[in-house]
Amino acid sequence: MIDILYFAWVRERVGLPRERVETSAATVADLVEELKAREERYEAAFADLRALRVALDQELSEFTAPLAGVREVAFFPPMTGG
Amino acid sequence: MIDILYFAWVRERVGLPRERVETSAATVADLVEELKAREERYEAAFADLRALRVALDQELSEFTAPLAGVREVAFFPPMTGG
Amino acid sequence: MRVRVQAEPFDHGAECARFGQGGRDVGAVVTFLGVVRDDSGAMERMEIEHYPGMTERAISGIVAEAMARWSLADALVIHRHGALKPGESIMMVATAARHRVAAFEAAEFLMDYLKSRAPFWKKEVGAGGADWVAAKDEDEGALVRWSDPLLKSNDV
Amino acid sequence: MRVRVQAEPFDHGAECARFGQGGRDVGAVVTFLGVVRDDSGAMERMEIEHYPGMTERAISGIVAEAMARWSLADALVIHRHGALKPGESIMMVATAARHRVAAFEAAEFLMDYLKSRAPFWKKEVGAGGADWVAAKDEDEGALVRWSDPLLKSNDV
């Protein structure tokens with residue numbers, strides 16, 4: 001089981017701020033493919049990975065990163081703080 | 001008649017903050033030569049012109065600048081504000 | 001070093017007055033204040049979303065890096081989230097160092113990182129609708145300046 | 001735009017609180033505070049001499065140039081003269097602009113010019129005697145950055 005968090009317009013497109021999923025995906029990219037296969041709203045949220053960022057256990061990471069041992073995955077657009 | 005002002009260690013070496021002198025010096029450099037010829041304390045103050053700055057009527061200037069029309073000449077070391 | 005992520009307003013003047021006081025080796029204090037600007041003239045509010053937990057962690061990491069890299073005597077970051085009106089203060093950064101170049105560089109470094117690496121997202125809400133603020137290429141580009149350790153200040 | 005040259009202390013926090021308030025186009029406020037540092041550990045006071053008349057003129061000219069070059073919404077310079085103790089505030093600069101890069105650059109420009117072009121001279125007085133502070137080559141060198149108009153910020 002893994003916690004998935006969504007922020008900003010990713011959250012709006014997916015329609016929820018977080019969910020817990022059962023997955024055997026090896027990498028972040030694999031997890032994205034699983035999600036996209038589930039429903040159209042995921043397809044909309046993950047249409048362009050270049051417009052997205054991912055954090056694994058609250059550290060910025062890459063879509064190629066392995067998911068082994070990870071408890072929390074967060075997807076969001078590029079940050080706009082400051 | 002021209003007002004001459006001295007600041008920082010130039011003032012200390014000359015021994016006064018300002019004086020009014022009668023001069024027919026054409027340039028700042030000529031005025032410096034006149035002053036150096038007067039007394040040893042001026043010699044000490046103006047020993048190294050590269051260590052000095054000059055302002056004419058409160059505008060930074062050069063030692064080669066003409067004195068025609070100038071009412072106030074100030075000599076001082078490089079500034080250390082801020 | 002202090003990091004605060006909060007919905008409540010903060011008092012810029014009071015923070016400036018408190019910051020860097022009494023540090024024996026402090027010759028230079030730089031502060032940055034970010035204010036909500038209404039460029040379109042039609043914004044009702046700016047909504048700032050963040051990632052609780054990661055936000056504090058990411059900012060603390062950035063501040064610790066700045067403290068070490070510029071030998072800062074102190075550093076402060078305050079960043080708000082939630083709904084803000086035009087003219088309200090969004091965030092502030094403060095740095096205290098021996099010399100001005102280090103204080104300026106560290107403050108700019110913190111700002112550049114907060115812009116693109118701290119998990120905040122801004123949304124402008126007006127009569128015409130709501131828009132997520134897009135990240136700017138130049139904000140991403142600003143980080144290049146800090147990636148090379150050779151660019152580090154000589155602390156003059 | 002305000003320029004103050006004064007012997008009296010100023011209140012950094014209160015000045016920060018007052019500065020840049022209510023400007024419609026202000027998104028970024030940068031402040032710099034200079035503090036008397038006692039590097040030798042033996043300084044009793046710092047004496048700051050200036051050139052009354054020229055000081056105000058030179059600073060006003062520098063501030064006007066910064067206002068124009070970075071399209072500032074506001075700018076402030078306060079510089080003290082007379083005798084100051086270690087830990088006391090010597091001077092401050094504040095800039096308000098639409099964007100952070102302009103506010104930072106303008107504040108650094110003002111500092112670089114105040115260091116080497118405004119008629120102030122510092123003397124450190126201690127038990128062992130008194131020494132005029134020597135101008136630093138790097139302060140003179142810092143001005144090179146601003147001499148080329150092509151280096152001007154794109155205001156991002």
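Just so it is clear, the model here is predicted, and its values are computed rather than measured. Quick note: numbers below take in every heavy atom, side chains included, and nothing from hydrogens, waters or symmetry partners.
- Both the backbone and the side chain of D:Arg117 come within contact range of chain B, each with at least one heavy atom under 4.5 Å from a heavy atom of that chain.
- Contact detail for D:Val133 and B:Thr80: the closest heavy-atom pair is O-CG2, 3.4 Å.
- Of all the listed residues (D:Met111, D:Lys123, D:His81), the one sharing the greatest number of non-hydrogen pairs under 4.5 Å with chain B is D:Lys123.
- If you measure heavy-atom distances from D:His50 to chain B, the contacts under 4.5 Å come from the backbone alone.
- Comparing B:Glu59, B:Arg53, B:Glu72, B:Glu12 by how many heavy-atom pairs each has under 4.5 Å with chain D, the most go to B:Glu12.
- Ring planes of D:Tyr51 and B:Phe7: tilted class, angle from 30 to 60°.
- The part of D:Ala134 that comes within reach of chain B is its backbone (N, CA, C, O), which places non-hydrogen atoms under 4.5 angstrom from that chain.
- Taking each heavy atom of D:Phe120 and B:Gly81 in turn, the nearest pair found is CB-CA, 3.6 Å.
- Atom CG of D:Asp137 is surrounded by 12 or fewer heavy atoms from other residues, nucleotides or ligands within 6.0 Å.
- Contact of B:Ala51 with chain D is not made at all, since no heavy-atom distance falls under 4.5 Å.
- Other residues, nucleotides and ligands contribute more than 12 heavy atoms inside 6.0 Å of the CZ atom of D:Arg2.
- The greatest number of non-hydrogen atom pairs below 4.5 Å with chain B, out of D:Gly34, D:Ala118, D:Gly61, is found for D:Ala118.
- In this structure, the side chain of D:His79 engages the main chain of B:Gly82 through a donor-acceptor pair within 3.5 Å.
- Atom CE of residue B:Met79 and atom CE of residue D:Met54 lie 4.5 Å apart, to the nearest 0.5 angstrom.
- At a 4.5 Å heavy-atom cutoff, the contact between D:Lys122 and chain B is made by backbone and side-chain atoms alike.
- Around atom CD of B:Glu34, more than 12 heavy atoms belonging to other residues, nucleotides or ligands sit under 6.0 Å away.
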